[in-house]
Every structure is written in structure tokens, then in C-alpha cells.
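Quick one: this structure, given as C-alpha cells, is what I'll be asking you about.
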Amino acid sequence: ANPLMGLTMNPEAVQTFFSGTGIIESMRSRSTFVSFQTEMKDAALAFGNKVQIQLPYADAGFGSLGIHHLSSLRTSILVLPHPIREIQQLSIVVPENFKPVDVRADTSVKNEIGKVTIRHSFKQGKVTTMRNLLIEKTLILPEEYQSFKELIDLWLNPNYLRVILEKED
């Protein structure tokens with residue numbers, strides 16, 4: 001089931017999930033595609049001739065399950081409400097006279113629980129990060145928990161949600 005299906009009844013409600021202008025592009029019983037543009041207050045941190053920009057994060061997605069509060073060890077079964085499939089494409093237009101200095105290498109982890117893939121690119125003046133999370137199981141046994149944790153730790157790693165730009169000479 002799609003937890004965001006109620007947004008079709010009140011499309012303006014999508015604005016409550018993002019600090020910006022959001023549009024529901026398509027919605028099916030198992031998926032929602034939302035595009036949005038945002039301006040983030042204090043998204044950039046300057047240091048020397050560099051600027052760190054924090055990418056926006058959709059709190060209504062996987063992060064809304066409170067998974068980041070889980071401990072590193074588990075002795076009981078973890079029950080997810082449904083299989084998870086979340087795809088994010090985040091793009092930042094690089095300001096004139098700046099260039100990215102840390103476009104990260106693509107990263108991917110696949111195991112018996114699911115898969116996380118994070119790809120970065122710099123083309124036509126934009127830094128784009130593609131993030132894909134797939135967790136197919138809804139019952140995570142204690143002996144599978146470390147595999148699950150490996151996936152969510154990568155997905156929630158703040159280092160993959162920032163871009164560092166440097167002023168060109």
C-alpha cells in the first residue's frame with residue numbers, strides 16, 4: 001500500500017512534506033512520484049574558498065519510519081510496515097565561478113535484505129545525486145539485522161547528502 005495515497009485527496013498537503021513547491025507527478029497504489037523545488041535556509045556553509053551545500057532530504061520517505069534511532073544490535077524480529085522502494089534525484093545548480101571538488105564515486109551495497117545505490121554526477125553546471133533504496137523483506141530476523149543496518153547506514157549517511165564547491169581562480 002502507498003502511505004502517501006491520501007495526498008490525492010488534498011494535493012496541497014504535499015507542501016507539508018517539503019520546504020518548497022511540490023507537485024505530485026504520478027501516484028499509484030504502490031508508488032508516488034513527487035517533484036519539488038526548494039530554497040533551504042542555511043543550506044550553505046562557507047570555509048575558506050569553499051562552500052559546503054547540504055542536499056534536501058524528504059522526511060516523508062524512509063526516514064519518517066524513525067529507523068535512524070535503531071541500535072546497532074537486535075535480539076528480536078524487526079517488522080517493517082511494507083517493502084521499501086525509495087528513489088531520489090537531487091540536483092543543485094552550481095553557481096557561476098564555482099566547481100564541485102568532491103563528486104563522490106558511485107557506491108552500492110546489495111545483500112539478502114535489499115540494495116542501496118548512490119550515484120553522483122556533474123554535467124552541464126549541475127551536481128546530481130541519484131539515490132535508490134530497495135528493501136524487499138518486511139520481517140528482519142536478528143541474524144539478518146547487520147545486513148539491514150549496512151543498508152540503512154549507507155542510506156542515512158550525511159556525507160552522501162552534501163556537496164563541496166570551490167571558487168574557481
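Since the model is a prediction, treat every value here as computed from it, not as a measurement.
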Does Phe148 form a side chain to side chain contact (heavy atoms under 4.5 Å, CB included) with Leu80? I'd like the steps, not just the answer.
CA-CA 11 Å; Phe148 173 75; Leu80 297 176; 4.0 Å; yes
Is any side-chain heavy atom of Ile87 closer than 4.5 Å to a side-chain heavy atom of Met130?
yes
For a 4.5 angstrom cut-off between non-hydrogen side-chain atoms, does Phe47 reach Gln52?
yes
Pairwise side-chain contact, Asn132 with Lys115, heavy-atom cut-off 4.5 Å (strictly under)
no
When you look at CD of Glu96, are more than 12 heavy atoms from neighbouring residues, nucleotides or ligands closer to it than 6.0 Å?
no
Flag the pair Thr117 / Trp155 as yes when at least one side-chain heavy-atom distance between them is below 4.5 Å, and no otherwise.
no
How far apart are the C-alpha atoms of Asn111 and Glu150, what are their side-chain angles, what is the distance that settles it, and do they pass the side chain to side chain contact (heavy atoms under 4.5 Å, CB included) test?
CA-CA 9 Å; Asn111 59 37; Glu150 180 182 25; 3.4 Å; yes
Hey, is CD on Glu168 packed in by over 12 heavy atoms from elsewhere, all under 6.0 Å?
yes
Yes or no on side chain to side chain contact (heavy atoms under 4.5 Å, CB included) for Leu90 and Ile92, after CA distance, side-chain angles and deciding distance?
CA-CA 7 Å; Leu90 307 165; Ile92 291 181; over 6 Å; no
Using the rule that Ile, Leu, Val, Met, Phe, Trp and Tyr join whenever any side-chain heavy atoms are under 4.5 Å apart, tell me whether Leu156 and Tyr160 fall into a single cluster.
yes
Should Leu154 and Ile135 be counted in the same cluster of Ile, Leu, Val, Met, Phe, Trp and Tyr side chains packed under 4.5 Å apart?
yes
Does a side-chain heavy-atom distance below 4.5 Å link Ile84 with Leu133?
yes
So, for Ser91 and Thr128, which heavy atoms are closest and what is the spacing to 0.1 Å?
OG-OG1, 3.0 Å
Shortest non-hydrogen contact from Arg74 toward Pro142:
O-CB, 3.6 Å
Heavy-atom closest pair (Lys137 atom, Ile113 atom, distance to 0.1 Å) is CD-CD1, 3.7 Å
Considering only heavy atoms from C-beta outward, does the side chain of Thr129 approach that of Arg131 to under 4.5 Å?
yes
Quick check: do Ser108 and Val116 have side-chain heavy atoms less than 4.5 Å from each other?
no
Any link between Ile164 and Val51 through a network of hydrophobic side chains (Ile, Leu, Val, Met, Phe, Trp, Tyr) touching at under 4.5 Å?
no
Do the side chains of Ile118 and Asp106 get nearer than 4.5 Å, heavy atoms only?
no
Give the C-alpha distance, both sets of side-chain angles, the deciding distance and a yes or no for side chain to side chain contact (heavy atoms under 4.5 Å, CB included) between Thr138 and Val79.
CA-CA 6 Å; Thr138 57; Val79 179; 5.7 Å; no
Are Leu134 and Ile140 grouped together when hydrophobic residues (ILVMFWY) are joined by side-chain heavy atoms under 4.5 angstrom apart?
no
Does CZ in Arg162 sit with more than 12 non-hydrogen atoms of other residues, nucleotides or ligands closer than 6.0 Å?
yes
